[in-house]
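Below is one structure, written out as structure tokens, with a few remarks after it.
Numbered from 1 within each chain, the chains take letters A, B, ... in sequence-line order.
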Amino acid sequence: MLDLRLIREQPDFVKAEIAKLGEAAPIDEIVELDRRRREILTEVEQLRADRNEGSREIGRKPAGPEREAQISAMRELGDRIEALDAELKEVDDGLDERLMTVPNLPDPDVPVGAGEDENVVLGEFGERRTFDFAPRPHWELGEELGIIDFERGVKISGSRFYLLRGAGARLQRAMISWFLDVHTTEQGFSEVYPPALVRTEALVGTAQIPKFTDAQYKTTTGDHWLVPTAEVPVTNMYAGEILDEAALPIYHCAYSPCFRREQFSAGRDVRGIKRGHQFDKVELVKFVHPEQSNDELYKLLNQASLLLDRLEIPYRHLQMCTGDLSFVAAKKIDIEVWAPGCDEWLEVSSCSNFRDFQARRAGIRFRPEAGGANQFVHTLNGSALALPRMMIAVIENYQNEDGSITIPDVLRPYMGSVERIEPA
RNA sequence: GGAGAGGUGGCCGAGUGGUUUAAGGCGGCUGUCUUGAAAACAGUUGGGCGUUCAUCGCGUCCCGGGGGUUCGAAUCCCUCCCUCUCCGCCA
């Protein structure tokens with residue numbers, strides 16, 4: 001959510017920034033509703049002050065005609081307040097509804113562009129392996145090795161579901177453990193195991209609702225939604241709280257399954273485990289002082305990337321242009337790994353600075369040590385990393401000509417010292 | 001799932017319709033005293049919104065959330081959420 005004061009004072013600036021995103025937002029309506037809201041508020045609060053005073057007098061008066069007259073005068077006042085309140089509620093609801101649909105504004109240094117073609121590669125890291133045979137896609141290798149079972153996944157749960165089996169299941173688990181261990185022991189992240197079911201309120205806080213309600217799974221038994229990412233429960237840990245400035249920055253990492261109802265375009269990304277309704281992810285979430293958020297974004301990017309350095313998997317950093325920014329991000333940089341079998345770059349992380357956009361919705365503030373008004377924190381998050389695509393990257397980059405897969409050195413301690421996955 | 005008891009400021013806790021504009025205590029902050037500290041004493045104490053260039057000030061709202069009754073609600077009513085106790089069920 002944007003600061004209403006910013007929209008009120010600089011509507012033209014806000015409109016121009018949103019135009020860069022290729023989006024539209026009802027800024028004029030918001031300005032008018034805000035004006036009307038304050039107008040009503042001034043009037044109704046004055047009436048309320050009058051009634052408070054009048055009612056106090058009644059309490060002090062003895063029974064009698066004078067008291068009765070005062071009561072009926074106050075009753076009349078009350079009717080006017082009630083009418084104005086109703087109007088105020090309507091204006092308030094309309095204002096909230098519209099504010100919730102306004103996207104975050106891009107940082108000044110985000111390249112302006114119409115769409116994904118204008119994203120900017122910031123750097124490419126690691127050596128792409130040269131194969132002396134034709135590298136094969138993970139769906140072939142995984143099936144042959146018996147570590148990915150597509151058929152049975154579909155039988156149980158429908159299209160886009162699969163099972164990992166044996167060494168495949170263990171490889172994913174090894175990565176999850178190793179990722180978390182690096183974050184917690186070296187990078188200062190505090191591990192969290194969050195709920196996978198959350199209330200509507202939480203999804204509103206991180207801005208999946210109302211804009212992306214259709215992409216969420218809802219339970220039928222109560223106010224519970226399946227989390228699309230650990231970002232939701234972890235960011236909402238501090239919802240409605242006022243933190244001490246000294247507590248910042250707060251770093252959390254969390255492993256969780258993620259559930260997304262998105263409508264996949266038929267015929268696209270159908271093969272393999274690249275895109276599904278359920279996947280695992282280790283997520284990094286930061287709560288930082290506003291002045292630090294830009295630096296923290298690059299730090300976050302490096303904290304996620306160092307996993308790939310150590311896995312010796314080639315990757316690149318891709319900065320989103322304005323036209324490809326998400327609804328919530330002020331700045332977003334993706335990490336993509338090279339998958340030689342699929343012959344494409346795969347997004348394994350999106351590192352985003354949301355500035356105060358989520359904090360404002362969720363009500364996450366801090367008390368400045370120097371005094372003055374409480375401020376909203378800045379929130380950031382990024383995957384480190386998304387598991388299915390990391391499975392693809394390991395399988396395809398570490399494949400051997402005979403169809404076996406060498407286990408990367410850093411993962412071997414987590415694999416019971418197994419060095420290779422071979423056909424059973 | 002059944003029965004019962006509760007939810008008041010950073011914390012404890014009083015308050016069942018009108019000087020409670022939330023008593024009192026603890027903690028925090030500021031001051032006096034002190035070389036310094038402790039103790040004592042005095043003062044102070046949260047959040048949102050509006051008004052204001054801004055501070056101050058003023059107003060309004062907030063006693064778990066939402067709604068209602070009333071001239072007036074922490075207090076009465078409805079509803080939802082949460083906590084605790086006992087029973088039942090259960091990885």
Side-chain angles (χ1 to χ4, degrees), chain A residues 1-10 30-100 193-205 209 218-225 233 236-248 257 356-377:
Chain A
M1 192 159 56
L2 293 185
D3 185 355
L4 185 53
R5 255 165 295 195
L6 177 69
I7 298 177
R8 181 190 301 159
E9 285 160 18
Q10 303 182 55
I30 289 171
V31 169
E32 172 54 23
L33 284 167
D34 171 55
R35 190 198 59 76
R36 180 70 187 131
R37 174 176 172 273
R38 285 179 293 143
E39 190 175 71
I40 298 171
L41 216 47
T42 306
E43 191 181 352
V44 78
E45 284 184 358
Q46 182 57 55
L47 293 179
R48 230 183 272 278
D50 294 346
R51 184 179 66 180
N52 285 346
E53 177 52 31
S55 292
R56 266 193 290 270
E57 281 172 18
I58 292 171
R60 292 190 288 261
K61 275 184 182 159
E66 206 181 311
R67 190 172 190 270
E68 289 309 312
Q70 177 86 337
I71 286 176
S72 75
M74 287 305 108
R75 185 176 295 140
E76 201 174 301
L77 237 186
D79 290 343
R80 286 171 61 199
I81 290 171
E82 196 175 344
L84 280 172
D85 268 344
E87 198 180 341
L88 182 63
K89 187 175 185 329
E90 203 171 305
V91 170
D92 259 340
D93 290 349
L95 190 57
D96 280 348
E97 195 182 305
R98 285 168 181 78
L99 267 177
M100 290 301 237
Y193 172 76
L197 293 175
V198 296
R199 291 178 166 167
T200 304
E201 202 179 49
L203 283 157
V204 171
I209 288 180
K218 175 92 172 71
T219 63
T220 58
T221 48
D223 183 26
H224 281 143
W225 303 76
N236 279 285
M237 282 171 67
Y238 303 105
E241 296 190 20
I242 301 172
L243 306 166
D244 288 330
E245 182 174 358
L248 302 178
D356 64 2
F357 195 80
Q358 291 182 325
R360 202 174 279 283
R361 288 182 167 236
I364 309 170
R365 291 171 291 169
F366 71 95
R367 208 183 309 280
E369 268 165 10
N374 296 329
Q375 295 180 45
F376 290 104
V377 302

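Using the Watson-Crick or G-U wobble rule with both distances under 3.5 Å, B/U85 pairs with B/A3. With a 3.5 Å ceiling on both atom-pair distances, B/U16 lacks any Watson-Crick or G-U wobble partner. Base-pair partner of B/U75: not found among the strands shown (Watson-Crick or G-U wobble, both distances under 3.5 Å). Base pairing of B/A40 is made with B/U32, judged by Watson-Crick or G-U wobble geometry with both donor-acceptor distances under 3.5 Å. Across all strands shown, the partner of B/G10 is B/C26, judged by Watson-Crick or G-U wobble contacts whose two distances both fall under 3.5 Å.
Put simply, CE on A/Met1 is 13 Å from P on B/G48, counting in whole angstrom units.
At the heavy-atom level, A/Leu41 lies under 4.0 Å from the strands shown only through sugar-phosphate atoms. Using a 4.0 Å heavy-atom cutoff across all strands shown, A/Arg67 reaches at least one base atom of the nucleic acid. Note on A/Arg8: only backbone sugar-phosphate atoms sit closer than 4.0 angstrom, heavy atoms only; bases stay farther off.
Of the C1' atoms belonging to B/A22 and B/A14, the separation is 10 Å, rounded to the nearest Å. Rounded to whole Å, the C1' atom of B/G1 lies 50 Å from the corresponding atom of B/G59. Rounded to whole Å, the separation between the P atoms of B/G25 and B/U35 comes to 30 Å. For the C1' atoms, the distance linking B/G24 with B/G15 amounts to 11 Å, nearest Å.
The nucleotide whose nearest atom lies closest to any side-chain atom of A/Arg365 is, among B/G48, B/U60, B/C49, B/G48. Each of B/U60, B/C71, B/G47 was ranked by its minimum atom distance to the side chain of A/Arg51; first place goes to B/C71. Listed nucleotides: B/C49, B/C71, B/C81. Nearest to the side chain of A/Arg199: B/C81. Of the listed nucleotides (B/U60, B/G72, B/C49), B/C49 has the atom at the smallest distance from the side chain of A/Arg5.
Residues passing the ring pair (Phe, Tyr, Trp, His ring centres under 6.0 Å) test with A/Phe376, sequence neighbours excluded: none.
We find the CD-CG distance between A/Glu9 and A/Leu4 to be 9.5 Å, quoted to the nearest 0.5 Å.
Near RNA chain B, defined here as any heavy-atom distance below 4.0 Å, the residues from residues 71-97 of chain A are A/Ile71, A/Met74, A/Arg75, listed numerically.
In terms of phosphate contacts, A/Arg48 brings no side-chain nitrogen or oxygen within less than 4.0 Å of OP1 or OP2 of B/G59. Phosphate contact (OP1/OP2 of B/G72, side-chain N/O of A/Asn52, threshold under 4.0 Å): absent. Look at A/Arg37 and you won't find any side-chain N or O under 4.0 angstrom from OP1 or OP2 of B/C49.
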